[in-house]
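So the structure is just underneath, and the comments pick up after that.
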Amino acid sequence: AILAIPFFVTVFAIVETSLVFLAELTLDQSVDRVARKVRTGELERKGADEAALRSDICSGVAFLLDCDKLVIDLKIYEAFSDLPPPSPVVDGDVRPEGFGYELAGPEAITALRVYYKFPIQTDIMRSFLSDMEDGSHLLFSMAAFRTEPFR
């Protein structure tokens, strides 16, 4: 009985950490897949709007993340040095001011940034994994690229 408490704490720590890691990898994979569609002009040819972009990202993460809570930013920049800092966290919360949706044309420098506040379920792991004021962990994925010369 004495060993049960440390055993279950260890099991919960492993499960919680694994879920955060799986969510991060899943978000990265989905953002990379959608960024490729932007880079090759596939989304522009379809005339995709912001809802279609969100739906495309969600198709890869919906089994694990709540798509309504994704914060998405797709912007065009003059140079790679103009890309914003990766974290829009202000006072312990994500501040999406200035975020938007700009579908790029050919040979444009573009960045797709996606943020998600992943809830940490166990109190013990919240003190180790959370980096937001509400006790969640901020997942972040970004793809920056120059679009291909599609027409």
Side-chain angles (χ1 to χ4, degrees), residues 3-44 46-77 80-104 108-148:
L3 294 176
I5 293 173
F7 173 75
F8 284 115
V9 167
T10 303
V11 168
F12 285 132
I14 290 170
V15 169
E16 190 86 56
T17 304
S18 298
L19 278 174
V20 170
F21 185 67
L22 176 64
E24 183 105 25
L25 288 176
T26 303
L27 184 62
D28 279 342
Q29 189 274 335
S30 188
V31 167
D32 285 344
R33 182 179 47 78
V34 172
R36 185 176 191 290
K37 290 181 180 182
V38 173
R39 186 173 49 247
T40 60
E42 183 179 337
L43 288 182
E44 186 182 59
K46 289 181 180 178
D49 59 358
E50 190 172 357
L53 178 78
R54 176 178 293 278
S55 175
D56 208 357
I57 292 171
C58 284
S59 69
V61 299
F63 74 95
L64 188 58
L65 307 178
D66 180 4
C67 291
D68 294 334
K69 295 180 181 178
L70 288 174
V71 179
I72 302 171
D73 181 38
L74 178 65
K75 288 272 184 85
I76 302 168
Y77 299 93
F80 283 105
S81 60
D82 295 338
L83 292 173
S87 180
V89 176
V90 177
D91 297 328
D93 199 13
V94 176
R95 300 284 187 235
E97 286 88 19
F99 280 22
Y101 174 79
E102 295 178 80
L103 202 52
I109 295 172
T110 307
L112 173 60
R113 301 185 302 162
V114 180
Y115 299 89
Y116 184 82
K117 289 175 26 175
F118 191 80
I120 306 299
Q121 303 300 325
T122 55
D123 290 334
I124 295 169
M125 291 310 295
R126 193 170 292 125
S127 63
F128 296 106
L129 292 176
S130 71
D131 51 7
M132 304 297 288
E133 252 184 34
D134 62 358
S136 61
H137 178 75
L138 184 65
L139 302 178
F140 164 67
S141 185
M142 178 177 178
F145 49 87
R146 183 181 302 272
T147 56
E148 295 178 4

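To the nearest 0.5 angstrom, Thr17 atom OG1 is 10.0 Å from His137 atom NE2. Separating the CG atom in Leu70 from the CZ atom in Arg54 is a distance of 5.5 Å, to the nearest 0.5 Å. Once rounded to the nearest 0.5 Å, the distance linking CE of Met142 with CG of Leu83 reads 4.5 Å. Here the CD1-CZ distance, from Ile5 to Phe7, works out to 13.0 Å after rounding to the nearest 0.5 Å. Atom CG of residue Asp123 and atom CD of residue Glu16 lie 10.0 Å apart, to the nearest 0.5 angstrom. The distance from the CZ atom of Arg146 to the CZ atom of Arg39 is 13.0 Å, given to the nearest 0.5 Å.
Summarising the geometry of Ala104 relative to Glu44, their closest heavy-atom pair is O-OE2, 3.4 Å, with the distance given to 0.1 Å. Of all heavy-atom pairs spanning Pro6 and Thr10, the tightest one is O-OG1, 2.8 Å. The heavy-atom pair separating Gly135 from Ser130 by the smallest distance is O-CB, 3.3 Å. For Ala35 against Leu112, the heavy-atom pair with the smallest separation is N-CD2, 4.1 Å. The two residues Lys117 and Ser136 have their closest heavy-atom pair at CB-OG, 3.6 Å. Considering all non-hydrogen atoms of both residues, Phe80 and Ala144 come closest at CE2-C, 4.3 Å.
Surrounding OH of Tyr101 are more than 12 heavy atoms belonging to other residues, nucleotides or ligands, all under 6.0 Å away. Within 6.0 Å of atom CZ in Phe63, more than 12 heavy atoms from other residues, nucleotides or ligands are found, so the atom counts as buried in its surroundings. At most 12 non-hydrogen atoms from other residues, nucleotides or ligands lie less than 6.0 angstrom from CZ of Phe12. Sparse packing is recorded around CZ of Arg36, with 12 or fewer heavy atoms of other residues, nucleotides or ligands lying under 6.0 Å away.
With a 4.5 Å cut-off on side-chain heavy atoms, Val94 and Met132 count as touching. You'll find the side chain of Asp56 reaches within 4.5 Å of the side chain of Leu43, heavy atoms only. Counting heavy atoms from C-beta on, the side chains of Leu65 and Leu139 come closer than 4.5 Å.
With hydrogens and angles ignored, the 3.5 Å screen pairs no side-chain donor or acceptor of Tyr116 with any backbone N or O of Ser141. Checked by atom type and distance alone, the side chain of Ser30 pairs as donor or acceptor with a backbone atom of Ile57 at under 3.5 Å. Counting only distance, with no hydrogens or angles, the side chain of Thr147 and the backbone of Ala108 share a donor-acceptor pair below 3.5 Å. Listed for the Asp73 side chain is no donor-acceptor partner under 3.5 Å among the backbone atoms of Pro96. Although no hydrogens or angles enter the test, the distance criterion places no donor-acceptor pair under 3.5 Å between the side chain of Arg113 and the main chain of Phe99.
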*How far apart are the C-alpha atoms of Val20 and Ile120, what are their side-chain angles, what is the distance that settles it, and do they pass the side-chain contact (heavy atoms from CB on, under 4.5 Å) test?*
CA-CA 8 Å; Val20 170; Ile120 306 299; 3.8 Å; yes
*Take Asp28 and Glu24 through the test side-chain contact (heavy atoms from CB on, under 4.5 Å) and record every step on the way to the result.*
CA-CA 6 Å; Asp28 279 342; Glu24 183 105 25; 4.2 Å; yes
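The side-chain contact (heavy atoms from CB on, under 4.5 Å) test with Phe118 singles out one residue from Leu19, Leu138, Leu27, and that residue is Leu19.
Comment: Glu42 engages Lys46 in a salt bridge, judged by a side-chain N to carboxylate O separation of less than 4.0 angstrom.
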